[in-house]
Amino acid sequence: MPSTSIKILPKIFTYQKADKLKSRKQTQYLFAKGQSMNAFPIKLIYTIESVEQLSAVLPSPFLNLADIKENGQLQAGVGAPSRTFRKAVLRNRVKRLLREAYRLEKPAFIASKPFQGFRVNLFFLYTDATILSSADIQDKIKQLLMRLSEKFNTISKA
RNA sequence: CUACAAACCCGAGCUAUCGUGGUAAGCAAUUACCAAGGAAAGUCCGGACAGCAUAGGGUAACCCACCGGUGAACAGCCGGCGUCCUCGCAAGGGGGCAGAGAAAGUGCCACAGAAAAUAACUACCUCGCAAGAGGAAAAGGUGAAAACGUGAGGUAAGAGCUCACGAAUAAGACAAGUAAUUGUUUUAUAGGGUAAACCUUGGGUGCUGUAAUGCCACGUAAAGGAACGCUUGAGAACGACUCGUUCAAGUUCCAGGGUAGGCAGCAAGACUUCAUCAGUAAUGGUGAGGCUAGAUAAAUGAUAGUUUAGAAACAGAAUCCGGCUUACGAGGCUUGUAGUACU
RNA sequence: GGUCCUGUGGCCGAGUGGCUAGGCAAAGCUCUGCAAAAGCUUCUACAGCGGUUCGAAUCCGCUCGGGACCU
């Protein structure tokens, strides 16, 4: 029976509510403080912060600092500007493709580095008017995440 | 047969792998089920629902405008009346109509033309040698539009000035029809168009929108500055203004600080499928079935295969319904127009 | 989600129902030894469709584009 073999496989290619960058305030903070890198037509905005930095900057009661210290936090969002994509159908299409690509590349990124004690926020923006194929977008996301992983290494050492 | 146009139907199915939102079960891992549209769009109308107000009058603003029906309601829909366009020899067919009032008043009508609404250039008649004065509104020409049409009488010349026939408008009576209206008849009238110019008449309309609203949690600054006022009344409510009524000791503005989490609203309804009955129809009644999205940086996707002539078009729910408008692929079916071929 | 404004040549911009001003730019000519400046000439427009009217950039309806505001 194939169903038994499926049960054994661990679920890793996920993109659930906990993985999504949902808080309005957190998103505004990310756009204000975050750094960016480009892999045209996709732009990645990110923040990488340790628990100590967070507690100094953001004394919010909603931040579960203990949980971050133990497990780390990785949240990501995607966006397609309504100025370049006027139709809601096209915006949805772009966001779905970005989410799908991130979902498939995420396990490799997680395996590259332990997250304990760090909060990592990502936001992927699509900046062109023409929509690339699914394989191309996944390739771009892969490049971005590899570069981010190198950056993360230098930060965590320091 | 081909092309175009219009109306209607339909808006892909299945399999595999990896995933998304919700509901239910489970301690959990997980499992099962459900998961965008005909327009979800534009926001052009009409409602439901919620909060505030309910003490109103006048003015203003906005909307509607042949009649009847339908319906929760409507500028929608259905049927009829009138009118215009078009096809046709005709009978009749098809399509459009913001379809009250120009005889309450005001304004406007370029150019041309004598004159664009109290008519008079040429021509006509009378008087006069002439210049000109008076009469009259038939003929000419201009214009989008020129002061009822034809014939006869009448006259100096003419004129609805009079008469006959015809056409028009308004009012009354009678007949048909629920009514708009139509027919007959009587009386009166001769006033060009424009109300999608102001306007008049009749009818109607509280305001704000689910990010409404109610509750829970967390946090801050009950501090500072300015203006007005405390019964000689600042200000607030009654959508605007005003009158009036009620409340009233604080109110408004500036700069700054905090939060931006959760629950309800929120998914079974003017719902929908089939059958049947009433009705010309829109639509309604009855019976039997169905449950059919509910997110909050916001869910349906990616990859591969397959069926097929092809998988493509327009396009993504955000409180919910009824309409209207606009966008749209392939195929099917019906109608119309044009062309070609055959008889 | 809701409300409102706006669209006139390549650009800016006037236009109260009657022939769409003006400026800048572009092209050509004159002037000059060559250019600049100046002068003359030309070119290119009422967002689209439909309606009202004798006549529409203007009035009305629908559509498309641009912008602003509220929460």
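Chain letters run A, B, ... following the sequence lines, proteins first, then strands; residues in each count from 1. Just so you know, these numbers use all the heavy atoms, side chains as well, and skip hydrogens, waters and symmetry mates.
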* To do: Return the nucleotide paired to B/A211: Watson-Crick means purine N1 to pyrimidine N3 with N6-O4 or O6-N4, wobble means G-U with N1-O2 and O6-N3, both under 3.5 Å.
  => none
* Asked: Which residues pass the ring pair (Phe, Tyr, Trp, His ring centres under 6.0 Å) test with A/Y102, sequence neighbours left out?
  -> A/Y15, A/F124
* Of A/V78 and A/R93, whose closest RNA chain B nucleotide lies nearer the 5' terminus? -> A/V78
* Asked: P atom, B/G58 versus B/A48: distance in rounded Å?
  -> 26 Å
* Structure fact -> Applying side chain to side chain contact (heavy atoms under 4.5 Å, CB included) to A/T127 and not counting sequence neighbours gives A/F40, A/P41, A/K43
* Asked: For A/R91 and B/U300, what is the distance between atoms CZ and P respectively, to the nearest whole Å?
  -> 15 Å
* To do: Provide the distance between the two P atoms, one in B/U286 and one in B/A28, to the nearest whole Å.
  => 48 Å
* B/G294 versus B/C263 - spacing of their C1' atoms, nearest Å -> 16 Å
* To do: Could I get the full list of side chain to side chain contact (heavy atoms under 4.5 Å, CB included) partners for A/E150, not counting sequence neighbours?
  => none
* Sequence neighbours left out, what passes side-chain hydrogen bond (donor to acceptor under 3.5 Å, both in side chains) with A/S149? Give chain and number order. => A/S112
* Could you check which of B/A36, B/A302, B/G19 has an atom nearest any side-chain atom of A/S134? => B/A302
* To do: Using the C1' atom on both, measure C/U16 against B/G229 and round to a whole Å.
  => 48 Å
* Whole-Å distance separating the NZ atom of A/K87 from the C1' atom of B/G42 -> 11 Å
* Asked: Do A/P107 and A/F13 come close enough that some side-chain heavy atom pair is under 4.5 Å?
  -> yes
* Taking heavy atoms of chain A and a 4.0 Å limit, find me the 5'-most and 3'-most nucleotide of RNA chain C within that range. => C/G66 to C/G67
* To do: Could you list the residues that satisfy side-chain hydrogen bond (donor to acceptor under 3.5 Å, both in side chains) with A/D136, not counting sequence neighbours?
  => A/S133
* **C1' atoms of B/A195 and B/U201, separation to the nearest Å** => 13 Å
* **Separation between the P atoms of B/U169 and B/A136, rounded to whole Å** => 32 Å
* **Partners meeting ring pair (Phe, Tyr, Trp, His ring centres under 6.0 Å) with A/F152 (sequence neighbours left out)** => A/F115, A/F118
* Same-atom distance (C1') from B/G46 to B/G143, integer angstrom -> 48 Å
* Atom-pair distance (CD1 on A/I131; P on B/A302), nearest Å -> 11 Å
* Close side-chain approach of A/V78 to A/F123, heavy-atom, < 4.5 Å -> no
* What integer distance in Å separates A/K95:NZ from B/A302:P? -> 15 Å
* Please state the P separation for the pair B/A170 and B/A240 - nearest whole angstrom. => 45 Å
Protein-nucleotides 326-330 of chain B N/O pairs closer than 3.5 Å?
none

* Structure fact -> Sequence neighbours excluded, the answer for side chain to side chain contact (heavy atoms under 4.5 Å, CB included) partners of A/E105 is A/Q138, A/I141, A/K142, A/L145
* **Partner nucleotide of C/U16 by Watson-Crick or wobble geometry (both distances under 3.5 Å)** => none
* To do: Report the distance from atom CG of A/N92 to atom C1' of B/A36, rounded to the nearest whole Å.
  => 11 Å
* Starting at the 5' end of RNA chain B and moving along, which residue's nearest nucleotide shows up first, A/V89 or A/Y15? -> A/Y15
* Asked: Using a cut-off of 4.0 Å on non-hydrogen atoms, how would the nucleic acid contact of A/K20 be classed: base, sugar-phosphate, or nothing?
  -> sugar-phosphate
* May I have all residue pairs that pass salt bridge (charged side-chain N to carboxylate O under 4.0 Å, His left out) and include part of residues 91-101 of chain A, sequence neighbours excluded? => A/E100-A/R103
* **A/I42 vs A/I137 side-chain heavy atoms within contact, under 4.5 Å** => yes
* Structure fact -> Separation of B/A297 atom P from A/L125 atom CG, nearest Å, is 16 Å
* To do: Sequence neighbours left out, what passes side-chain hydrogen bond (donor to acceptor under 3.5 Å, both in side chains) with A/K106? Give chain and number order.
  => A/D19
* Asked: Rounded to the nearest Å, what distance is computed from the CD atom of residue A/Q138 to the P atom of nucleotide B/G19?
  -> 14 Å
* Counting only heavy atoms not in A/K20, do more than 12 fall under 6.0 Å of its NZ? -> yes
* Base-pairing mate for C/U42 - Watson-Crick or G-U, with both contacts under 3.5 Å -> C/A26
* Which of residues 96-109 of chain A sit near RNA chain B, with a heavy atom under 4.0 Å from it? -> A/R96, A/L97, A/R99, A/E100, A/R103
